[in-house]
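Just below is one structure, and these are the notes that go with it.
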Amino acid sequence: MSHFVQTPNVPKNRVKIGIVSPENRKIINLLESNGIEPIFTQANCYIDKFISNHADINFHHLEGNSFLADISQQALIPIFDQIGAHITINEEAVSGKYPFDCRLNFARVGNKLFGKATICSKELQEHCRSNGIERINVNQGYGKCSVCVVNNDAIITDDVTIKKATEAAGIDCLLISKGDIKLSGHPYGFIGGTSTLIDKNKLLFFGNLKQHTNYADIIRFCHTHNCEVVFDERFELTDIGGMIPVLED
């Protein structure tokens, strides 16, 4: 029997269903080959077309069966209803240029939330207040894009302000160089957008991680935290906005 992933980004068992962009068939095949059924995002026509389908831009997992979503995702509500998930449509639309496309793009790591405080969704702020989740401000608006969650006590990022904030909060952080990740229409993508946990202590990267300058560092860091790393060498490491794990075994 499947259960909702209780703590955002960190499944305790094998992920069965996840929210993901439909834009890259190779990555969808990779997820499906790992037993994951995708719920495809809808394009948000009010933001940069190259990130319009990204799950980490248009959704935020609050806890268990509760999710925040931009109004552009409203047509998906019946799909979530079928699995027992509750979707709240964010009052302030994810629209326009940076940083106003980042209202839901916050990195949840255990009981802490990292992101640019001035653009945080009102609903997300209220959820944090009501559930004892500490909000920690960083300069980077693309908070979730910039964070690869290894577990509730460890992350990988290319952002110095996030590294400082997470380490001050007692979270182990590997700082990597920018680049080596493909994102159409942009010079490079983000590490959070090309990765997701797909099981307890099993981290999947979307493409050939060996192409990344910090490949060896990433492998060592993950092994230090008892996390297995898997990836597909047949295509380029690519940012599609990550995947939000929804249901697990």
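Start at 1 with the first residue, then count along the sequence.
- By the 6.0 Å contact criterion, CZ on Arg129 is enclosed, its count of non-hydrogen atoms from other residues, nucleotides or ligands being greater than 12.
- Using bins of under 30°, 30° to 60° and over 60° for the plane-to-plane angle, the ring pair Tyr142/Phe190 lands in the tilted bin.
- Under a hydrophobic-cluster definition in which Ile, Leu, Val, Met, Phe, Trp and Tyr are linked whenever side-chain heavy atoms come within less than 4.5 Å, directly or via other members, Ile198 and Ile17 are assigned to different clusters.
- Checked by atom type, the side-chain pair His186/Asp48 shows a donor-acceptor distance below 3.5 Å.
- Ring geometry for His225 versus Phe221: interplanar angle of 30 to 60°, hence tilted.
- Side-chain contact between His54 and Thr41 is absent, with no heavy-atom pair separated by less than 4.5 Å.
- Annotation: side chain of Phe114 is in contact with side chain of Ile171 (closest heavy-atom distance under 4.5 Å).
- Two different hydrophobic clusters hold Ile57 and Phe59 under the rule that ILVMFWY side chains link at heavy-atom gaps under 4.5 Å.
- For the residue pair Asp101 / Tyr46, no side-chain donor-acceptor distance below 3.5 Å is found, with atom types taken as modelled.
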Item to check | Stepwise salt bridge (charged side-chain N to carboxylate O under 4.0 Å, His left out) test for Arg25 and Glu32 | outcome: CA-CA 10 Å; Arg25 189 65 241 179; Glu32 289 177 340; 2.9 Å; yes
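- No side-chain N or O of Asp159 forms a donor-acceptor pair with one of Ser146 less than 3.5 Å apart.
- Exactly one of Ile39, Ile27, Val15, Leu197 qualifies for a side chain to side chain contact (heavy atoms under 4.5 Å, CB included) with Met243. That residue is Val15.
- Under a cut-off of 6.0 angstrom, the local environment of NZ in Lys178 is crowded, with over 12 non-hydrogen atoms contributed by other residues, nucleotides or ligands.
- Counting non-hydrogen atoms of other residues, nucleotides and ligands closer than 6.0 Å to CD1 of Ile83 gives a total above 12.
- At most 12 heavy atoms of other shown residues, nucleotides or ligands fall within 6.0 angstrom of atom NZ in Lys182.
- Salt bridge Arg108/Glu63: present, at least one basic N to carboxylate O contact under 4.0 Å.
- Using a 30° and 60° split on the angle between ring planes, Phe80 and Phe67 fall in the tilted class, from 30° to 60°.
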Next on the checklist: Between Asn90 and Ser121, is the side-chain hydrogen bond (donor to acceptor under 3.5 Å, both in side chains) condition met? List the steps.
Outcome noted: CA-CA 7 Å; Asn90 196 51; Ser121 152; 2.5 Å; yes
